[in-house]
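Worksheet: one structure, shown below.
Here is how names work: the chains are called A, B, and so on, in the same order as the sequence lines, proteins then strands, and each is numbered from 1. FYI, side chains are in, hydrogens and waters are out, and symmetry mates aren't considered; it's all heavy atoms of this structure. Given the structure is predicted, the values throughout are model-derived calculations rather than measurements.
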Amino acid sequence: MATYIIRRILIVIPTLLAVSILSFTFVRLIPGDPATVMLGERASPADVEKFKEQMGLNQPIYVQYIRYIEQVLQGNLGTSIITRVPVMDQLAYRLPATIEAIFFALLIGIFVGVVTGIIAALNRNTIIDTMANLVALTGVSIPIFWLALIMIYFFAVNLKIVPPGGRIAAEITVDRITGFYLIDTLLMGRLDYFVSAIRHMILPAVVLSTTVMPQIMRLTRTSMLEVLRADYIRTARAKGLRQGSVIFKHTLRNALLPVITVIGLQIGSLLGGAILTENAFSWAGMGSWFYGAISARDYPVLQTAIMFNAIIFVVMTMLVDISYAFIDPRIRYK
Amino acid sequence: MFSKKTVVTRRTFLTLAGVSAAAGLAAACAPAAQRPAAEPTTAPAEPQAPAAPVAEQTLIIGRGGDSVGLDPAIVTDGESARVCTAIYDTLVVLEGASTKPVPWLAESWTTEDSKVWDFKLRAGVKFHDGEPLTAQAVKWNFDRWQNPDHPYRYPSQKYEYWDKEMSGVVQSTEVVDDLTFRITLKEPSVLILPKLALFNFGIASPKAVEAQGESYATQAGTPVGTGRFKFESWTPNDKITAVRNDDWWGSTVTLPYTQMPRITRIIWRSIPDNNTRLAEFQAGTLDTADIAQTDLATLENDPNYVFTVTPSVSVGYIAFNHATPPFDKLEVRKAWAHAVNWDALIETFYSKYAKRATCFQPPSILGHNPNIKPYEYNPELAKQLLTQAGLSDGFETDFWYVPVIRGYFPDSKALSEAMAADLAKVGIRLNLKTEDWGAYLSDRKEGKFPVWALGWGSDNGDPDNFIGYHFIWSDPTKPNVEDGYNNSRLQELLRKGRVVSDIAEREKIYQEAEQIVHDDVARIPIAWPASVAVDRSYLKGRKEWVFRDQYENFYIEK
């Protein structure tokens with residue numbers, strides 16, 4: 001078991017190294033360079049040269065790469081070419097915002113997905129099942145930025161029941177303690193601020209949850225159906241257990257195992273969804289940060305973005321693999 | 001004043017604000033407006049009407065991006081500029097409705113020969129950190145901008161606007177006495193005044209810059225100026241907040257072109273997505289917002305919004321490389337100008353606030369030549385001109401269009417396609433091309449395009465920054481690298497425009513320059529897009545100013 005886990009962890013290192021080399025090269029292969037993008041209409045070729053030299057963009061790419069890795073190992077992710085603020089500082093601002101959004105999106109996604117999945121499975125091949133499947137399919141196919149806009153117009157502009165964007169009312173300045181508004185507002189002792197933060201959280205979290213909800217729902221349904229056919233469920237029913245007990249104690253617990261592993265992998269798609277969702281809700285998190293960095297060719301930020309996503313993916317896959325080893329003993333002996 | 005802990009919702013503010021603003025306002029506006037627009041004078045400390053307590057009024061502005069930094073000397077982008085102008089004061093500002101330089105931190109100035117300029121500073125002005133504004137403090141700022149070895153400059157900082165606008169102009173600066181600051185120029189020039197009005201030359205508190213070092217006025221620092229608003233907080237990529245500076249010098253001085261602001265707090269919110277910004281504006285969470293030209297129509301007939309159209313200070317044009325055949329022939333350039341139905345293009349591809357450009361500079365820029373008539377739409381004449389140039393069968397060329405949305409080219413691709421259709425009728429066949437914006441800008445600078453689309457927006461309203469920027473190049477004896485154009489008379493005129501101080505004479509110089517650009521068809525100006533500001537209708541006071549921010553004009557009345 002321990003060998004399996006260690007081996008699995010060690011494999012992460014070459015994977016990340018490969019990702020870093022590829023992303024470093026590809027980012028710099030995008031046509032257009034930050035110097036001209038940043039200096040704009042007014043730049044003379046001499047200005048552009050000077051800028052490139054200052055930013056070290058003139059050196060051979062492998063030299064730039066080695067310098068970059070050296071810095072990263074010292075915990076320095078470089079400085080944004082555009083804002084001249086250390087990437088690490090920006091990360092400290094952005095990461096909590098995204099974690100908050102993803103956390104709530106995941107909560108909503110899991111809750112709604114699992115519940116509708118169960119309902120669909122229990123009502124297999126009825127109109128309820130078809131409806132749930134239809135909604136899930138629609139959820140998968142709707143572009144998230146479009147859904148965001150529709151939700152903003154309906155709930156914020158027309159009904160005015162939730163705010164259209166931002167993390168908290170514009171008049172409120174939250175003290176920077178943890179970076180998590182929901183925690184910091186409470187630490188400040190301001191319930192009204194907390195409520196404002198919650199209200200701002202609703203739309204983005206709901207929209208973002210649609211990236212994971214359909215998969216969770218469909219998987220819960222399939223998995224439930226499979227377990228419901230199992231012998232031990234028949235036994236449970238045969239010994240006279242109540243329906244609730246059969247469903248929640250015996251079926252759901254077993255059915256949820258594959259769902260849980262999939263949720264781990266879904267964090268990756270949540271990060272992808274966050275780019276568009278955060279942009280649509282002017283949510284100052286990782287997603288909107290990366291989005292801006294792409295158009296500005298802000299290499300250090302872009303590089304961090306790719307590495308960040310890669311790390312999340314690799315680590316999540318690793319955790320899922322390891323969890324398999326716990327769940328299914330056959331794996332660890334291979 | 002407005003601490004982070006205060007519990008006031010925006011609604012409460014506005015209700016409070018509405019009542020007292022209505023009362024306080026009429027009084028506040030009247031004296032300023034009725035004052036004759038003669039040379040501004042400084043009155044002795046005579047408190048203005050709104051010195052009486054005004055209710056809290058918060059102005060929430062929705063914009064497309066965050067500021068890069070708030071140290072005006074090292075930032076160049078518009079989103080940084082619009083916050084810097086509220087926090088810092090420059091020695092001189094442009095009047096607002098016109099480009100006339102008027103006193104600001106300097107209450108007056110004198111010069112004998114346009115070479116040595118003495119600026120008399122206002123007495124009793126304080127920075128937001130309580131430090132006094134003195135000639136020494138001003139000199140400290142100039143030294144930091146000018147001297148690469150200044151102890152408070154850092155390698156990561158570029159002083160782009162100083163290097164571009166001032167380094168070739170300013171010889172030295174000195175402190176004459178505590179309130180007199182002298183600038184000596186390399187050559188006599190009147191351009192120093194509009195240049196000093198650039199937001200980049202806002203005066204910062206030396207003490208604050210020294211204390212904060214490299215992080216001064218970055219997201220991690222605190223900008224300190226003498227301006228109308230004091231910096232309060234910055235949540236990166238979300239918002240910047242500033243509160244009114246109740247000790248602003250403007251509260252003790254009566255000037256026809258300014259007054260004490262009535263807005264007590266400004267929040268600049270970054271909302272990158274155009275649709276989201278529009279939605280926020282419609283949901284009522286923004287008082288004013290930058291709205292994409294294409295979205296203006298959605299708000300147009302709604303009484304909740306007020307549109308203010310400001311005179312154009314930009315131009316979209318077609319540029320030729322005069323060194324690349326067949327554009328070396330005047331007839332060919334002229335044929336191009338005659339072959340296209342520009343009016344139809346402008347109607348289709350610009351907002352209704354844009355106007356057909358009759359010459360290079362719009363009417364608000366000095367030297368605009370009202371006597372120039374644009375080349376009329378006449379395909380027959382265009383064909384004749386091509387025949388005269390020996391190209392009776394027409395010709396084929398690459399044409400480069402702008403890859404991004406610009407006010408001066410809201411939809412460059414579609415416009416280019418329509419233009420290509422018109423040109424095809426006279427035998428000019430276009431291969432439409434574009435590339436990444438950054439590459440586009442540098443390639444045209446290096447003269448790689450035969451003919452292309454681009455535009456310009458004025459930085460400071462001066463013709464030297466408009467027609468001068470395009471047609472003065474470093475070596476007047478050789479053609480320009482960018483477009484291969486050379487006209488020695490034009491060079492002579494534009495260079496003269498930099499030193500002549502008499503406004504009427506300067507205007508004549510630039511008008512002649514305009515005529516030359518027109519006659520040579522150096523470039524074809526297409527449109528002057530006007531900028532349109534949209535406010536919620538309860539936000540009052542906006543004026544048709546283009547050359548200065550107007551935070552002191554706004555007030556909320558609900």
So how far is it from [X] [atom1] to [Y] [atom2], rounded to the nearest 0.5 Å?
X	Y	atom1	atom2	answer
A:T173	B:E232	OG1	CD	5.5 Å
A:I152	B:D273	CD1	CG	7.5 Å
A:E278	B:N237	CD	CG	10.5 Å

Task: B:Q282/A:Y153 under side-chain hydrogen bond (donor to acceptor under 3.5 Å, both in side chains): CA gap, chis, key distance, verdict - done: CA-CA 9 Å; B:Q282 290 176 314; A:Y153 269 96; 2.7 Å; yes
Open item on the list: Please evaluate residues B:T241 and A:E171 with respect to the criterion side chain to side chain contact (heavy atoms under 4.5 Å, CB included), reporting the C-alpha separation (whole Å), side-chain torsions for both, the decisive distance (0.1 Å), and the verdict.
Closed with: CA-CA 9 Å; B:T241 309; A:E171 292 84 356; over 6 Å; no
Pick one of side chain, backbone, both or neither for [X], based on which atoms fall under 4.5 Å of a heavy atom in chain A.
X	answer
B:S270	backbone
B:I267	side chain
B:D163	side chain
B:W234	backbone

Task: Nearest heavy atoms of A:K160 and B:A283, plus distance in Å - done: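 Scanning both residues completely, I find the closest heavy atoms to be NZ-O, 3.5 Å.
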- [ ] Identify the two heavy atoms, one from B:R269 and one from A:A170, that lie closest to each other, and give their separation to 0.1 Å.
- [x]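 Smallest interatomic distance, heavy atoms only, reads CD-CB, 3.5 Å.
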Please indicate whether [X] has more than 12 foreign heavy atoms, meaning atoms of other residues, nucleotides or ligands, lying under 6.0 Å from its [atom1].
X	atom1	answer
A:Y65	OH	yes
A:F308	CZ	yes
A:F154	CZ	no

TODO: Give the member of A:S282, A:S196, A:A284 that has the highest number of heavy-atom pairs under 4.5 Å with chain B.
DONE: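 Option with the top pair count is A:S282.
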Open item on the list: Donor-acceptor check, side chain of B:T276 to backbone of A:A280, threshold 3.5 angstrom: yes or no?
Closed with: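 At least one qualifying donor-acceptor pair exists.
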Open item on the list: Strictly distance-based, threshold 3.5 Å: is any side-chain N or O of B:K239 a donor or acceptor partner for the main-chain N or O of A:I172?
Closed with: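 Side chain of B:K239 to backbone of A:I172: a pair is present.
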Task: Atom group of A:A169 that falls short of 4.5 Å from chain B, counting heavy atoms - done: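 Only the backbone of A:A169 comes within 4.5 Å of chain B.
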- [ ] Side chain from CB out, backbone as N, CA, C, O: work out which of these in A:R176 comes under 4.5 Å of a heavy atom of chain B, or both, or neither.
- [x]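 Interface part for A:R176: neither.
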